[in-house]
Amino acid sequence: MALIRLGFGRQHLCLLKRRSSLLLKLTPVVFAVLLFCEFLIYYLVIFRCDWPEVKTPAHNSGQKTLKAMFLADTHLLGEVRGHWLDKLRREWQMERAFQTSLWLLQPEVVFILGDIFDEGKWSSSQAWADDVARFQKIFRHPRHVQLKVVAGNHDIGFHYQMSTYKIKRFEKVFNPERLFSWKGMNFVLVNSVAQEGDGCHICSEAEAELIEISHKLNCSREERGPGPCRGAPLLPASAPVLLQHFPLFRRSDANCSGEDAAPLEERAIPFKERYDVLSREASQQLLWWLRPRLILSGHTHSACEVLHGAGVPEISVPSFSWRNRNNPSFIMGSMTPTDYALAKCYLPYENTVLATYCVAAGLLVVLILVHSGLLPSPLLFGWNLLRKFKTT
């Protein structure tokens with residue numbers, strides 16, 4: 001009886017040793033895969049991005065270069081449509097991508113072109129406060145980096161959903177300034193949801209603000225003296241960069257190209273005015289009032305570049321969220337008062353991360369089978385084959 005107990009004890013001890021040995025083998029593999037897929041991959045991918053060079057170097061002309069990041073459509077999930085696992089995954093991805101970009105690229109200002117939240121158009125006060133707290137954690141930044149945000153339809157609702165309460169709630173968190181000037185450059189941040197042109201109270205106020213900004217910009221291009229510009233605030237004499245959520249009017253994405261453009265089957269679908277893009281009238285008004293040198297917008301979740309009027313370029317910035325794209329990206333801009341250069345920085349592909357996890361899972365299964373004796377060791381199997389080949 002004592003011998004049986006001793007044998008059983010030795011067998012149990014041997015089993016524990018084998019399990020411990022297996023655990024010691026698997027733990028480093030699991031840790032290495034998680035470290036790569038959830039942390040290191042962002043550094044490896046974003047490290048390849050670099051600031052573009054302006055054709056006329058700023059130091060040669062006495063101008064200062066501004067390093068600006070432009071991203072759009074982060075769509076932080078809310079309490080209604082956001083599954084907790086999806087929310088956790090997407091927010092972790094965006095946080096790692098944003099924080100890594102700040103650390104590696106050192107931008108001076110970051111612009112987010114609307115649809116920061118997914119459910120701001122209907123969220124309760126408590127849900128809104130929760131969403132804002134999560135946004136501030138994900139997109140935290142040093143004090144020397146400025147963060148500027150424009151409103152999107154998911155933040156305050158489409159025109160028929162928009163209200164003064166929602167706008168004030170949004171502007172309480174995000175600075176409502178419409179004109180931002182820095183280093184001799186002007187940026188106009190437009191509430192494009194309010195560019196409906198139907199004379200509603202909110203739309204009329206937004207138009208009045210833009211007309212006032214137009215007057216200031218026009219005065220900055222003229223010599224001071226008696227007249228309507230006398231006493232007007234002195235702004236840099238530089239054509240502005242127009243930032244908004246909705247793109248200016250275009251028929252469709254048929255002429256868009258690139259790996260992050262809309263899928264081929266969707267590019268020819270006509271855009272609906274005041275829903276997918278601004279109306280013709282609102283677009284012409286903005287071009288006439290502001291006379292921008294560059295326009296950046298979001299909303300479509302896909303990339304596109306079009307020319308308006310007398311050759312004013314508009315860049316549609318793809319979504320920053322993996323929930324909307326397999327290959328999110330953002331725009332890097334090196335800007336001076338008279339020139340600019342843009343480059344795109346792609347983030348890790350979701351397919352790459354998933355493929356890495358699948359390969360790692362396969363390797364773990366092989367390790368477990370080899371350790372349990374259900375599968376011969378690949379090294380031993382290869383050695384036996386080599387011995388057989390030598391003997392023959």
Side-chain angles (χ1 to χ4, degrees), residues 41-61 63-74 93-94 96-114 139 141 145-148 150 180 182-185 187 238-244 247 253 255-262 292-308 311-322 324-349 352:
I41 191 170
Y42 297 97
Y43 287 89
L44 294 173
V45 173
I46 297 173
F47 181 76
R48 298 180 298 176
C49 302
D50 200 6
W51 292 101
E53 292 187 8
V54 182
K55 292 179 182 177
T56 305
H59 62 269
N60 289 346
S61 58
Q63 299 175 341
K64 295 180 179 179
T65 302
L66 177 68
K67 293 180 178 180
M69 269 175 58
F70 303 91
L71 50 105
D73 297 277
T74 54
Q93 289 173 316
M94 287 191 285
R96 291 310 332 139
F98 185 75
Q99 296 302 323
T100 304
S101 300
L102 286 185
W103 192 77
L104 288 176
L105 303 175
Q106 300 288 309
E108 296 170 272
V109 60
V110 179
F111 296 99
I112 305 182
L113 306 178
F139 294 97
H141 53 92
V145 178
Q146 298 206 46
L147 179 68
K148 303 292 180 182
V150 298
F180 170 63
W182 197 15
K183 288 192 172 182
M185 283 157 278
F187 298 88
S238 172
V241 176
L242 177 58
L243 306 174
Q244 58 186 35
D253 271 353
N255 296 322
C256 305
S257 60
E259 59 183 297
D260 54 352
R293 57 176 170 143
L294 173 67
I295 305 162
L296 291 113
S297 59
H299 189 58
T300 64
H301 297 176
S302 300
C304 189
E305 183 173 351
V306 294
L307 296 177
H308 297 285
V312 180
E314 178 181 6
I315 309 296
S316 287
V317 182
S319 174
F320 192 72
S321 173
W322 281 262
N324 298 323
R325 304 193 56 80
N326 175 50
N327 58 339
S329 62
F330 59 88
I331 300 292
M332 302 165 61
S334 299
M335 319 195 80
T336 70
T338 57
D339 204 355
Y340 63 85
L342 303 178
K344 189 171 291 182
C345 182
Y346 287 96
L347 301 176
Y349 279 52
T352 303

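The figures that follow rest on heavy atoms only: side chains count, while hydrogens, waters and symmetry mates do not.
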Flag side-chain contact, heavy atom, 4.5 Å: [X] against [Y]:
X: F180; Y: V109; value: yes
X: V241; Y: Y340; value: no
X: S321; Y: H301; value: no
X: L102; Y: V110; value: yes

If you compare all heavy atoms of [X] against all heavy atoms of [Y], which two are closest, and at what distance to 0.1 Å?
X: S101; Y: P107; value: O-CD, 4.1 Å
X: L347; Y: I46; value: CD2-CD1, 3.8 Å
X: P247; Y: T300; value: CG-CG2, 3.9 Å
X: P348; Y: P328; value: O-CD, 4.4 Å
X: C304; Y: D253; value: SG-OD1, 3.9 Å
X: F139; Y: L147; value: O-CD2, 4.2 Å

Let me confirm one number: the [atom1]-[atom2] distance from [X] to [Y], rounded to the nearest 0.5 Å.
X: E305; Y: L342; atom1: CD; atom2: CG; answer: 8.0 Å
X: I295; Y: L307; atom1: CD1; atom2: CG; answer: 9.5 Å
X: I331; Y: L113; atom1: CD1; atom2: CG; answer: 9.5 Å
X: R48; Y: C345; atom1: CZ; atom2: SG; answer: 8.5 Å
X: I41; Y: T100; atom1: CD1; atom2: OG1; answer: 11.0 Å
X: L71; Y: L296; atom1: CG; atom2: CG; answer: 11.0 Å

> On the ring face of F187, is K148 found with NZ or CZ under 6.0 Å from the centre and within 45° of the axis?
Replying inline: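 Because its charged atom misses either the 6.0 Å distance or the 45° angle limit, K148 does not stack over F187.
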Would you say [X] has more than 12 foreign heavy atoms packed within less than 6.0 Å of its [atom1]?
X: E53; atom1: CD; result: no
X: F47; atom1: CZ; result: no
X: N255; atom1: CG; result: no

Main-chain N/O of [Y] paired with [X] side-chain donor or acceptor, under 3.5 Å:
X: E108; Y: K67; result: yes
X: R96; Y: Y42; result: no
X: D73; Y: H299; result: yes
X: K183; Y: T336; result: no
X: S334; Y: P52; result: yes
X: W51; Y: L105; result: yes

> Should V306 and E314 be marked as a side chain to side chain contact (heavy atoms under 4.5 Å, CB included) after you check the CA-CA gap, both sets of side-chain angles, and the distance that decides it?
Replying inline: CA-CA 5 Å; V306 294; E314 178 181 6; 3.9 Å; yes
> Is there a side chain to side chain contact (heavy atoms under 4.5 Å, CB included) between F320 and I112 once you walk through the steps?
Replying inline: CA-CA 10 Å; F320 192 72; I112 305 182; over 6 Å; no
> Could you go step by step and tell me if T338 and R293 meet the side-chain hydrogen bond (donor to acceptor under 3.5 Å, both in side chains) rule?
Replying inline: CA-CA 9 Å; T338 57; R293 57 176 170 143; over 6 Å; no
>> Test side chain to side chain contact (heavy atoms under 4.5 Å, CB included) on M335 and T65; report intermediate values, then the result.
In response: CA-CA 5 Å; M335 319 195 80; T65 302; 6.0 Å; no
> Does the side chain to side chain contact (heavy atoms under 4.5 Å, CB included) test come out yes or no for T74 and F98, once each step is laid out?
Replying inline: CA-CA 11 Å; T74 54; F98 185 75; over 6 Å; no
